[in-house]
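Here is the structure we will look at.
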Amino acid sequence: MRVVHTSDWQVGKSFRFADDETLAVLQNERLEAIGRIGRLARAQLATRVLVAGDVWDVAIPSDRTLRQPIERMRQFPDLHWHLIPGNHDPNVPGGVWDRLQRIGLPAHVHVHLSPQPVPLGMDEAGPGATGRDAWLLPAALDRRHAFGDPTACMDEAVTPEGSLRIGLAHGSVRAFGSAGTAPNLIAADRASRSGLDYLALGDWHGQVPAGPLSWYSGTRARDGCDGGGAGGGWVLVACPGRLQPRAPQAVGRHLWRRERAMLAGPADIEALEHRLRALGGDDPSRVLVWLTLDGALGTAEHARYEDRIRHGVGSALRALRIDAAGLALTTSPDDLAALGGGSALRAAADRLAHAAAAGGDGHDVAADALARLLALVRQDHTQAGTASGR
Amino acid sequence: MRLRSLELDQFRKFDRRVRLDGLGAGINVLCGPNEHGKSTLLAALRAVLFDRHTSRGEGVRGHQHHRNATAPVVTLDFEHDGASHRIEKRFLSRASARLVSAGTAYEGDAAEERLAQLLGVSMPTRATRDGAEAATIWAALLVSQGDGQAQARLGDVARLTLSECLEAELGSVTGGAVVARLLKPVQAGLGLLLDARGHPRERYKAAIVDHDAAEAEIRTLQDRRQALDADLAALLGRRRELAAEADPAAAERAVTQLLAARRHREALLGHAGRLQTAHDAVRLAGTAHDDAGAEQARRAAAAAELAATMRRLAELSAVETDARARADAARQALAGRRSDFDRACEAQDAAEHALRLAAAGLDIAERAQALDAVRVRLATAEAAAARVAERTATLARMPADDARLDALHAAARAARADQAALQAQATSVELSLIAEALLQPDNGAPTLLPAGPHRLSLSRPAILSVAGLGTVRIVPASRDQEALHAEARDSARALAGALAAVGCRDVAEAERAHLDRRDVAAGLDHARRALDAAIDGQRTGGLDGLRRQTALLEAELPDRMRAGDATGSADPVTARITHAGALVVEAACRDDVRLARTALLTPEADRDLAEATLRQAELDRSAQETIRDARQTERARNEAAEPDTDLAARLQRTTDALADRRRELAALAAAAPDGTLAMADAGIRRLEEAHANRQGRTATLREEIARLESGIAAEAGIGLDEQIEAAQRRAEAAAALRAGHAREAAILTLLRDTLLQADREARERTVAPLMTRIGPYLQALFPRAELRLGENFQITALARPTAEPSGFATDADDERFDLLSHGTREQIAILARLAFADMLLASGRPAFLVLDDALTFADPARMERMFDILTDAGRRMQILVLTCRDDIAAGLGGTRVTLTHI
């Protein structure tokens with residue numbers, strides 16, 4: 001039996017760093033990926049899609065947001081979609097699951113809100129079929145942070161002898177937990193303890209193993225540049241009961257990157273521009289970068305950086321988030337020398353440079369003011385030159 | 001640069017050539033009246049130096065003589081840089097310019113150009129050539145009439161000139177223009193963010209508003225979210241409650257409980273009825289038993305009461321006997337005591353009678369004694385009265401009383417005095433008569449004088465007849481002789497009258513009569529006193545009173561004696577003793593009576609007590625007999641109704657029956673079901689209410705759940721969490737925008753402030769040399785004052801020291817230049833012009849100063865100081881003062897120049 005294991009769709013997620021346009025694209029991408037998963041399942045001859053929690057990003061989405069993923073799944077009536085609540089969309093009274101029940105679900109979309117084992121049918125079709133009766137053992141979260149192991153019930157779950165037991169749960173595996181006190185903690189050896197052939201987990205956005213026969217699928221669409229594990233944009237095509245129970249498949253479209261660069265001169269700027277532009281190949285609109293900058297630039301170089309990186313590359317990529325706190329703006333003696341000596345202008349520049357160098361409150365404002373002054377002087381010279389040239 | 005001479009022809013008011021000559025270095029003064037042409041000279045100087053000769057402008061046309069309109073010509077000789085120069089310009093008609101400079105002649109434009117070069121000004125362009133001087137520093141140095149009190153308005157060129165001078169000193173450029181250019185975009189950018197008061201505006205303000213709105217929206221949404229959570233929790237609770245309420249097993253349980261409770265109540269009710277019956281039986285048996293017992297007890301009590309009554313009757317009989325005996329004894333005793341008492345009373349009556357008699361006897365005795373005394377006194381009084389009458393009569397016959405004797409003595413003294421007066425006036429004649437002589441006084445009886453010596457004292461003429469010898473008439477020489485004799489006669493008559501009044505012949509006799517009368521008066525006095533003593537003064541009403549008293553006593557006494565049954569013989573002492581004895585006897589008898597009366601009381605009380613006891617005993621006996629009779633009757637009736645034996649049998653039967661009923665009741669009580677009826681009722685009520693409540697609650701819960709579900713669905717439908725996320729995203733974006741604007745505003749503000757400060761400091765640096773130049777002049781005129789310089793070298797204010805302890809001027813003390821007095825403004829303006837000229841000279845440029853009718857407002861003291869200042873400046877520059885005031889000309893000294901017609 002082949003299943004597609006996915007999780008953490010978090011439909012409706014809002015990206016605060018993104019502008020409205022980017023946000024719309026990213027949110028739409030979350031829905032588009034569902035179609036890609038359906039098509040992947042068909043291509044892989046998988047009949048069931050296990051979604052290990054966090055289908056929605058918030059406990060109370062709007063009706064439209066609630067219905068959108070259901071409508072996407074409705075387009076694949078040949079696939080069985082098995083959903084469980086996660087910590088983002090726990091099964092609380094009046095929550096998404098209550099609302100879904102009221103709305104009514106397509107017959108091929110199954111919601112599992114209790115730990116009752118569910119028969120999935122005989123694993124007899126497809127390559128490498130085991131011929132065993134397959135049962136799904138769901139673990140549903142009925143609150144955002146449940147204390148205790150939500151998969152503990154799997155120990156007691158009774159299935160016919162010789163069945164394929166496939167667990168579906170949402171939570172952190174103890175082995176990855178910080179201090180063993182986090183909520184929704186799942187025993188790392190849950191699969192062996194409960195006699196599972198496969199434990200499909202959700203919550204971690206990276207695609208990582210969580211123990212023997214236990215996997216986090218990773219979110220099928222990444223939502224951050226610093227996601228853990230092996231990153232996102234993936235689903236797992238799993239064959240429980242087989243020797244090779246899983247195969248990762250990419251379904252994400254966007255490339256989320258965390259980049260870091262040291263800028264000290266024009267060459268660094270050139271190199272950084274080249275690196276960033278190369279990330280998305282011929283489609284830089286797929287690329288979202290969180291760029292952290294260090295180093296120091298003179299006013300002229302800084303202007304160049306602003307022009308080439310912030311404005312240039314920033315316009316090319318889907319999103320370019322820059323953290324330039326570590327990038328200092330320096331004033332070269334040449335900059336100041338160009339102002340001449342003894343003039344009021346030079347005195348003003350010296351005063352600002354002094355304030356910028358002195359540190360303390362407002363030194364960065366002074367540095368920016370100095371840069372602005374030098375830029376104005378350059379502009380003035382340029383205009384004067386133009387005027388004289390004319 | 002030094003002017004040497006100026007020559008004008010056909011220039012304005014001058015239709016002939018005039019010449020100002022002899023101008024020296026330092027101060028030159030041209031003094032002349034109004035209309036003298038001083039201002040015309042200044043105009044000519046300006047024209048020759050700065051007006052292009054080719055100009056036909058209005059200014060140049062104004063140089064023409066107003067009538068003949070010929071071409072004005074001006075010629076100026078001056079020295080500069082150690083060389084002599086001469087410039088001559090002819091305007092309008094056949095205009096020309098010729099400059100001979102250091103031996104070289106220049107014509108036309110070349111002359112103009114060379115002249116401009118010498119003056120340090122650029123060649124005026126066609127556009128600005130008219131009045132070119134106005135734009136240069138020279139405008140500050142050539143001061144027209146009426147401009148003296150205004151500051152020089154420096155044009156760009158002039159400012160440039162000054163700046164160049166300053167920069168030549170400072171060796172730097174200020175770059176002020178660049179700063180001004182750079183400030184423009186900064187202030188423009190800042191103006192987009194902040195308003196004039198530094199408050200955010202437009203985009204910045206909008207970002208703040210957006211941010212605040214987003215934060216507020218988040219709060220609102222979160223509040224709604226919390227309300228939703230609360231509703232969800234409430235929904236969960238209500239559902240749980242409804243599930244519990246609607247549980248069929250629970251309902252079944254409730255019905256069973258209710259049935260059981262009702263059955264239990266029935267059982268309780270049945271048992272209670274039986275128990276009541278048993279209780280009634282016990283009560284009935286008890287009543288019968290109690291009746292029998294009570295009857296028995298009543299009979300026993302009646303028997304006991306009868307016995308007691310009989311005993312009481314016996315006791316009462318004894319008491320009666322005793323009481324009667326005691327009463328009799330008391331009565332006997334009382335009879336004896338009463339006879340004692342009567343005797344005592346009689347004795348007292350006798351004693352009282354004796355006492356009355358004794359008292360009457362005493363009274364009579366005392367009255368008799370008083371009568372005797374009165375009689376004695378009356379006899380004495382009568383005798384005294386007789387003596388008084390006799391002596392009074394005697395006295396009445398004796399006239400020589402005290403008054404008359406006093407009058408006699410007075411008359412005798414008067415007569416003696418008159419006689420003495422006569423003797424004093426009398427003429428004394430001593431005679432020795434050998435024979436007798438007869439002396440015959442006038443009007444007098446003759447006196448015979450025997451022989452022998454005589455001494456005569458004659459008060460009136462007298463004739464002494466001596467027989468034989470004749471007569472001698474002797475006339476005393478006294479005056480008023482007659483009057484004296486008359487007085488003597490009167491007094492003699494008075495004396496005779498007085499003697500007659502007392503019936504005496506002479507005074508001695510009168511005195512003896514007087515002594516006799518006194519003795520008689522003394523006897524009368526004695527007699528009167530004796531009478532008074534006898535009658536005891538007025539108390540007894542005098543002698544008559546005494547007589548009446550005596551008569552009264554004599555009349556009363558026999559009556560008394562009769563009434564008093566007394567002899568009247570007893571003397572008072574005896575009567576008094578008898579009376580006292582009677583008093584004692586009477587008192588003793590009274591005591592006896594009191595004692596006898598007291599003795600009566602005891603047997604009376606005994607008798608009364610015994611009688612009362614007897615009466616009470618009789619009453620008690622009657623009552624006890626009534627009781628006894630009643631009891632005896634009752635016993636007879638009882639015995640007839642139910643003999644005592646029958647009653648005892650009945651009591652035994654009822655006792656047994658009561659024991660049986662009690663046993664039955666105890667058995668029934670032991671078999672009672674648990675609980676009480678009230679508790680059973682309460683349990684049924686509780687179960688019934690619980691049932692009703694459950695039904696009501698179920699309905700309420702269903703309604704509430706429906707309401708909550710509808711509300712939750714509505715709130716959930718709009719996706720509160722999603723909205724919160726979106727609002728937070730908007731808030732973050734707005735916050736970032738706001739922070740960006742704030743930072744931009746901070747950057748631009750800092751940049752603007754820094755540029756302005758740097759510019760201000762540079763400006764202050766540049767004007768410093770100018771201040772240095774003005775300083776000494778200013779100190780000379782206004783000690784310790786400071787000038788404030790603003791833009792374009794304009795003086796903005798004067799700061800003078802105040803009375804502050806520091807003595808230094810502060811900004812607050814600044815006096816705005818335009819508000820200063822005319823005189824002060826004029827003086828300061830001249831100082832500034834001097835400083836400009838100093839600066840020009842210091843930087844090697846030409847300069848001289850022309851003042852046309854300046855110093856018009858200075859007071860004498862300031863005027864003197866201005867003279868000093870100008871004199872000092874005159875050591876460095878040429879100054880031409882044009883004035884109409886002789887005092888200025890005289891005070892200023894310097895070179896006096898005149899305008900001469902050629």
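Chain letters run A, B, ... following the sequence lines, proteins first and then strands; every chain starts at 1. The structure displayed is predicted, hence computed values, not measured ones.
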Is there a side-chain contact between [X] and [Y], using heavy atoms and a 4.5 Å cut-off?
X	Y	answer
A/Q379	B/R181	no
B/D721	A/P61	no
B/R729	A/L23	yes
A/R351	B/Q757	yes
A/I60	B/E722	no

Tell me whether the count of non-hydrogen atoms from other residues, nucleotides or ligands lying under 6.0 Å of [atom1] in [X] goes above 12.
X	atom1	value
B/R239	CZ	yes
A/H354	NE2	no
B/R743	CZ	yes

Proximity breakdown for [X] and chain B, heavy-atom pairs closer than 4.5 Å:
X	answer
A/A371	neither
A/V92	neither
A/D364	both

If you compare all heavy atoms of A/A369 against all heavy atoms of B/L750, which two are closest, and at what distance to 0.1 Å?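 Minimum heavy-atom contact is CB-CD2, 4.0 Å.
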Which pair of non-hydrogen atoms, one from B/A713 and one from A/R102, has the smallest distance, and what is that distance?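 Nearest heavy atoms, B/A713 then A/R102: CB-NH2, 3.9 Å.
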Counting N and O atoms only, with roles assigned by atom type, does the side chain of B/E732 sit under 3.5 Å from a partner on the main chain of A/R16, one being a donor and the other an acceptor?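 Answer holds: no.
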Does B/I747 offer a backbone N or O that forms a donor-acceptor pair with the side chain of A/D368 under 3.5 Å?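 No, because the side chain of A/D368 does not come within donor-acceptor range (under 3.5 Å) of the backbone of B/I747.
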Which distance, rounded to the nearest 0.5 Å, do you find between the [atom1] of [X] and the [atom2] of [Y]?
X	Y	atom1	atom2	answer
A/T65	B/I718	OG1	CD1	11.5 Å
B/K184	A/D380	NZ	CG	10.5 Å
B/L182	A/L376	CG	CG	6.0 Å
A/S14	B/Q723	OG	CD	12.0 Å

Side chain, backbone, both or neither: which part of [X] has a heavy atom under 4.5 Å from chain A?
X	result
B/A733	neither
B/A731	neither
B/R225	side chain
B/L748	side chain

Picking from B/L232, B/L720, B/I724, B/L751, which has the most non-hydrogen pairs under 4.5 angstrom with chain A?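 Max contact count across the listed options: B/L751.
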Where at least one partner belongs to residues 202-211 of chain B, residue pairs that pass salt bridge (Lys or Arg N to Asp or Glu O under 4.0 Å), sequence neighbours excluded: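 Of all non-adjacent pairs touching residues 202-211 of chain B, none passes salt bridge (Lys or Arg N to Asp or Glu O under 4.0 Å).
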Using the side-chain hydrogen bond (donor to acceptor under 3.5 Å, both in side chains) criterion, which residues pair with B/R697? Sequence neighbours excluded.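 With sequence neighbours excluded, B/R697 shows a side-chain hydrogen bond (donor to acceptor under 3.5 Å, both in side chains) to B/E245, given in chain and number order.
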